[in-house]
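Letters go in sequence order (proteins before strands), and every chain restarts at 1. Here the structure is a predicted model, which means the values were calculated and not measured.
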Amino acid sequence: MKNKEIAKIFYEIADLYEMQDVQFKPRAYRKAAQNIESLGKDIEEVYEQDELGNIPGVGESIAEEIVEYVETNTVERLEKLKKDMPIDLRSLSSVETLGPKKIKDLYNELGIKNLDDLENAAKEGKIRHLEGFGKKTEENILENIAFAREKGDRFLLGYVLPEAKEIVEKLEKKVDKIELAGSLRRMKETIGDVDILVVTNKSSKIMDYFTNMDRVEKVIAKGDTKSTIRLYGGIQVDLRIVKNESFGSALQYFTGSKDHNVKLRKIAQNNYFKLNEYGLFKKDARIAGKKEKSVYSKLGLDWIPPELRENRGEIDIAKKGNIPDLIKYDDVKGDLQMHSKWSDGSNTMVEMVEESRNIGHSFIAFTDHVGSLKVAGGMDKKEWEKQGKKIDKLKEKYDDITIFHGLEANIKKNGELDISDSFLNEAEVVLASIHSSFRMDKKEMTNRVIKAIENRYVNILSHPTGRKIQKKEAINLELDKVFNVAKENNVAIEINAYPERLDLNDVNVKRAIDQKVKLSIGTDSHRKDHLRYYKLGIAVARRGWAQKIDVINTYSARNLKKFLNK
DNA sequence: GCCGTTTTCGGCCCGACTGTTTTCAGTCG
Ligand SMILES: Nc1nc2c(ncn2[C@H]2C[C@H](O)[C@@H](COP(=O)(O)OP(=O)(O)OP(=O)(O)O)O2)c(=O)[nH]1
Ligand SMILES: [Mg+2]
Ligand SMILES: [Mg+2]
Ligand SMILES: [Zn+2]
């Protein structure tokens with residue numbers, strides 16, 4: 001898949017055009033880049049089918065450049081732009097307060113190309129003399145370079161969410177209303193910062209409190225309606241305060257995404273309205289603002305669940321009144337992947353069951369590793385049967401939760417599973433997954449996975465693409481073929497809910513839904529506190545437009561048994 | 001550069017905070 005590479009090229013072109021003060025092209029290139037990134041389809045396939053023009057935001061000239069890249073591995077336009085501006089734009093932009101205009105001036109006036117150049121110039125006091133710069137600007141730059149150097153990737157949803165909720169709890173008692181917004185409310189898999197919306201009439205007091213909390217490393221900005229802080233550990237938090245009359249429109253604004261907002265505001269314009277965080281206005285009259293729902297309805301749209309607000313077609317569907325009833329966070333009745341001490345988990349089965357009951361699950365499956373995966377404590381048949389005896393006891397002990405005795409088998413290089421049929425036949429749930437030989441030709445890999453799915457004992461294809469966010473690329477797989485075969489064989493595709501996996505991801509869930517293949521949520525818990533991550537799985541399902549019927553975890557234990565006894 | 005139930009050419013979202021300015025540009029949300 002060259003989607004990411006190509007998107008990166010177009011983002012870079014956008015940035016370079018922006019520095020040259022070229023109008024609107026940056027927007028066009030960014031939009032194309034985003035749509036290529038979230039295509040959910042291999043762009044080379046689209047190229048082969050000669051359908052590049054069907055990608056939103058891709059017109060004649062960008063399509064030509066995609067062709068150019070696929071065929072020559074380079075895009076002339078970018079090479080030329082880079083020659084004119086041979087600087088490390090990425091690292092310079094990562095310095096807070098440095099944007100395209102300042103970076104351009106710094107290069108033109110002082111020849112600054114990278115962070116080292118920047119640091120030297122600032123230390124030598126050269127920057128303060130430039131027009132539009134000053135002493136304070138120079139000091140800020142120097143201060144921010146250090147953070148830019150150590151700043152890492154975006155944060156994982158599963159790890160930020162609890163921290164964000166802690167901050168909300170601290171503020172909650174002091175304000176009238178509070179809500180998480182931004183990418184956290186949209187439940188995006190990675191999070192750039194924490195965005196919090198508040199209603200209060202004691203704005204300056206709250207801002208004082210917010211900017212003086214424990215763990216605040218730096219106050220980046222502070223005003224009456226908006227402040228930004230950075231906590232130790234690098235997480236940035238934005239706080240926005242509005243009056244109650246604007247709560248709904250502010251929540252709409254602050255939830256985003258940016259592109260979703262821009263499109264809504266365009267629709268408002270077309271209706272001779274104006275939309276901003278303070279409300280929807282007809283002339284000077286506020287016709288919506290208190291409730292988010294009325295902002296959408298006054299624009300002629302269904303209310304859109306935050307998870308869908310990525311400007312990937314949801315607005316057109318809302319206009320037609322066709323937003324589906326997505327799976328809800330309390331629709332899921334159980335967890336279909338977890339490990340215990342019997343393989344590589346760190347809690348006992350009793351502890352896992354107790355915690356699952358606390359969560360409110362009505363069924364769970366133990367899916368400990370079996371077979372050749374010895375590093376993960378892979379059990380042989382005898383040991384797994386011993387585990388079964390224990391599970392029988394647990395089944396007797398607990399009458400409020402159904403426990404399935406499952407297993408996670410490995411898909412060998414040739415597509416066979418690494419345990420015998422008689423072993424597979426004993427399990428109530430069979431997960432199949434790839435744990436080795438990740439690098440294979442796309443066709444070979446697809447055949448390998450399909451062969452596993454066609455195994456009559458397999459119920460769930462687990463962590464189907466093997467990606468780990470920011471750590472490991474997805475395997476080469478023709479997902480559409482895999483989904484098709486899975487559907488025919490009554491195999492569910494997993495949404496692995498572990499924070500760094502989230503595999504399938506949102507766009508691939510959408511493709512699965514389109515093919516009507518069933519989905520299974522499993523936390524892949526290796527400790528009892530991982531069990532809470534099932535909500536991340538639901539979030540991914542929602543972001544992929546899944547409804548209740550698409551997800552087998554919403555079945556009653558009875559109906560789930562039927563599905564598993566295929 | 002892209003796009004269209006107001007357009008195939010003329011627009012392209014709208015506002016807060018900071019530092020540099022003497023009325024606003026740049027960056028960010
Ligand atoms: N109308 C409008 N809204 C914006 C713009 N930039 C940001 N917003 C809104 C929508 C965003 O979801 C929200 C919060 O901004 P963030 O920069 O934190 O983005 P977001 O949380 O979506 O993603 P993140 O994970 O933080 O990178 O503010 C903009 O340029 N125009
Ligand atoms: Mg954010
Ligand atoms: Mg933010
Ligand atoms: Zn494991």
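Rounding to whole angstrom units, NZ of residue K31(A) and P of dG1(B) are separated by 16 Å. Going from atom CG of N311(A) over to atom P of dC3(B) covers 12 Å, rounded to whole Å. Between E96(A) atom CD and dT18(B) atom P there is a gap of 12 Å when expressed in whole angstrom units. Counting to the nearest Å, the P atom of dC28(B) and the CG atom of D15(A) are 12 Å from each other. If you measure from atom CG of D21(A) to atom C1' of dA25(B), you get 11 Å, rounded to the nearest angstrom. Taking atom CZ of F24(A) as the reference point, atom P of dC9(B) lies 18 Å away to the nearest angstrom. The interatomic distance linking L98(A) (CG) with dA25(B) (P) rounds to 19 Å, in whole Å. With rounding to whole Å, I55(A) atom CD1 is found 14 Å from dC2(B) atom C1'.
A donor-acceptor contact shorter than 3.5 Å links the side chain of R309(A) to the backbone of I304(A). A donor-acceptor pair under 3.5 Å is formed between the side chain of R511(A) and the backbone N or O of G40(A). The closest donor-acceptor contact from the side chain of T211(A) to the backbone of D208(A) lies under 3.5 Å.
A salt bridge links R240(A) with E277(A): the closest approach of a Lys/Arg side-chain nitrogen to an acidic carboxylate oxygen falls below 4.0 angstrom.
Between N276(A) and dC13(B) there is no side-chain N or O to OP1 or OP2 distance below 4.0 Å. Remark: Q269(A) is in phosphate contact with dC14(B), judged by side-chain N or O atoms under 4.0 Å from OP1 or OP2. In terms of phosphate contacts, K226(A) brings no side-chain nitrogen or oxygen within less than 4.0 Å of OP1 or OP2 of dA16(B).
Each of R186(A), H260(A), R185(A) was compared with T255(A) under the side-chain hydrogen bond (donor to acceptor under 3.5 Å, both in side chains) criterion, and only R185(A) meets it.
Nucleotide dC12(B) has dG1(B) as its partner under the Watson-Crick or G-U criteria, with both atom distances under 3.5 Å.
Of the two residues contacting DNA chain B, namely G57(A) and R27(A), the nearest-nucleotide position lying further toward the 5' end is that of G57(A).
Remark: the separation of the P atoms in dC17(B) and dT22(B) is 23 Å, to the nearest Å. Nucleotides dC13(B) and dG19(B) are separated by 25 Å at their C1' atoms, to the nearest Å. Rounded to a whole angstrom, the distance from the P atom of dC12(B) to that of dT6(B) is 15 Å. Between dT21(B) and dG26(B), the two C1' atoms lie 12 Å apart (nearest whole Å).
At the heavy-atom level, N270(A) lies under 4.0 Å from base atoms of the strands shown.
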